[in-house]
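What follows is a single structure, written as structure tokens, with notes after it.
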Amino acid sequence: MSGALSDIRIIDLTQMLAGPYGTMVLADHGALVIKVESPQGDMTRGPNGSGGQQRELGGYFQSIDRNKESIVLDLKSEGGREALKMLVRDADAITENFRTGVMDRLGLGYEVLREINPRLVYGCLRGFGDPRTGKSPYQQWPAFDVVAQAMGGIMAITGPDAGTPTKVGPGVGDIVPGLMLGFGVLAAVHHARRTGVGQFVDVAMADSVLAVCERMIWQHSTEDVVPGPEGNHHPFLCPFGMFPAADGHITIAAQQDAFFSVLTEALDAGHLLTDPRFATRPQRTANRHALIPALGEATRRFTKAELMQRLGGHIPFGPVMNIAEIEQDPHFIAREMIVPVEEPGHSPLRIAGVPIKMTETPGGVRTRAPFLGEHTRQRLAEAGLSSEEIQMLIDRREAAAHERTPA
């Protein structure tokens with residue numbers, strides 16, 4: 001592996017989307033992420049998102065577990081737990097997103113593992129955090145994306161109108177906490193390298209979503225308002241939002257006087273510039289409920305392609321694009337933001353590329369997601385187990401190995 005993080009080793013017990021997304025970002029930039037799975041495997045394995053094809057590596061799993069390795073250990077067994085402890089000895093970090101107390105009951109909690117490796121960073125991600133950093137009355141509640149979106153506040157400020165709170169399309173209740181877990185682990189590893197002392201890193205999904213909604217917090221504090229959904233426009237900037245085109249929709253952010261002048265000229269809508277209600281930025285904000293439909297009447301006369309010609313590069317502007325359009329767009333092609341990933345026996349599957357670009361240590365999608373247990377023998381041997389001991393674990397079903405020749 002190469003990349004800016006190629007000297008970092010992570011034992012990853014996370015599953016589903018949130019935790020694996022965080023470790024994916026680290027793996028994309030070279031960290032060795034050894035995914036420890038139960039004999040049943042991560043719940044995202046299988047044909048999810050694969051159009052019904054019988055793939056051993058489904059689209060969901062390929063997307064967020066690329067660049068990782070997989071070993072199988074049954075942590076409910078003594079042999080599996082002991083093997084994990086051996087893996088931890090040389091690791092920089094371990095990550096998990098089980099419910100509160102699960103790892104402690106297995107005898108694998110932070111206090112146990114740090115005795116084995118004092119510089120170990122222990123990263124956990126849960127719906128409402130861990131009592132080690134702040135007790136919550138909801139700590140034992142299970143949570144998924146939609147729960148975090150609801151309780152973190154993002155649904156309350158998203159939607160077409162004040163009476164229709166709306167879930168954000170992508171799983172931001174998982175992905176944002178995952179990104180924060182990745183950053184937290186990386187920051188703690190940096191500290192441990194300086195001091196030799198690891199620490200417990202705790203990320204709550206609900207907290208992470210609330211942090212993304214920072215604007216509503218200060219609005220409530222300074223203005224004593226409870227912000228609600230604003231549809232596809234901004235509460236105090238105008239024009240700043242989505243407008244109709246003849247064949248879809250576009251977005252415009254032309255609240256500044258200079259941008260508004262360029263916008264109206266490009267749309268052959270000089271009457272909006274001379275309208276006294278829209279003469280200045282404060283007036284456009286105060287009269288936004290009149291300006292938005294009036295501007296929409298001007299934009300809907302043109303197609304998205306025509307609006308790109310008229311507005312692209314002149315003001316902050318972009319068409320609303322679906323994935324079929326994105327895949328053909330020259331920007332995303334040039335930036336390698338949709339990449340093929342292999343699976344033996346199947347045609348390549350397309351997944352998202354790496355958005356953080358680096359000149360000296362570029363990240364990338366270097367390897368497909370691993371088969372279940374594909375690296376069990378290799379990594380357990382590296383941890384110090386003999387081939388006989390590894391085979392004994394496999395025979396006792398305390399570990400498992402994928403025997404297919406890696407491709």
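Residues take their numbers from the sequence shown, with the count starting at 1. Keep in mind that the numbers below use all heavy atoms, side chains included, and drop hydrogens, waters and symmetry copies.
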T23 side chain vs P20 backbone, donor-acceptor pair below 3.5 Å =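 Such a contact is found between T23 side chain and P20 backbone.
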
Pairs meeting criterion side chain to side chain donor-acceptor pair (under 3.5 Å) with involvement of residues 247-260, two or more places apart =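 Listed once each, the pairs are D257-R284.
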
How would you list all residue pairs meeting side chain to side chain donor-acceptor pair (under 3.5 Å) that involve residues 153-166, not counting sequence neighbours?
->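 Residue pairs with at least one partner in residues 153-166: D161-T164.
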
Point-to-point distance, once rounded to the nearest 0.5 Å, from CG of D65 to OG1 of T44 |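 D65 CG to T44 OG1: 5.5 Å, rounded to 0.5 Å.
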
Approximate separation, where rounding is to 0.5 Å, of L237 CG and R281 CZ |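 Going from CG on L237 over to CZ on R281, the span is 5.5 Å.
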
Please, which pairs that meet ring pair (Phe, Tyr, Trp, His ring centres under 6.0 Å) have at least one residue in residues 171-216, sequence neighbours excluded?
->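 Output for this query lists Y110-F200, Y122-F200.
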
Looking at residues at least two apart in the chain, or sitting in another chain, which of them share a side chain to side chain contact (heavy atoms under 4.5 Å, CB included) with I157?
->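 Partners of I157 under the side chain to side chain contact (heavy atoms under 4.5 Å, CB included) test: C213, M216, P227.
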
Going through the checks in order, is the side-chain contact (heavy atoms from CB on, under 4.5 Å) test met by R45 and S70?
-> CA-CA 12 Å; R45 285 185 177 275; S70 170; 3.7 Å; yes

Under the side-chain hydrogen bond (donor to acceptor under 3.5 Å, both in side chains) test, which residues partner D224, sequence neighbours left out?
->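 D224 satisfies side-chain hydrogen bond (donor to acceptor under 3.5 Å, both in side chains) with no other residue.
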
Heavy-atom closest contact (R301 atom, E306 atom, distance) |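 Closest pair (atom of R301, atom of E306, distance): O-OE1, 4.4 Å.
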
For the residue pair F371 and H402, does the interplanar ring angle fall in the parallel (under 30°), tilted (30 to 60°) or perpendicular (over 60°) class?
->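 Parallel, since the angle between the ring planes stays under 30°.
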
Is the H234 ring parallel, tilted or perpendicular to the F236 ring (thresholds 30°, 60°)?
->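 Aromatic pair H234/F236 classed perpendicular.
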
Where do R99 and Q139 land on the side chain to side chain donor-acceptor pair (under 3.5 Å) test, with the steps shown first?
-> CA-CA 8 Å; R99 288 173 68 173; Q139 223 125 52; over 6 Å; no

What residues form a salt bridge (charged side-chain N to carboxylate O under 4.0 Å, His left out) with R114, not counting sequence neighbours?
->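 Once residues adjacent in sequence are excluded, R114 has no partner under the salt bridge (charged side-chain N to carboxylate O under 4.0 Å, His left out) criterion.
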
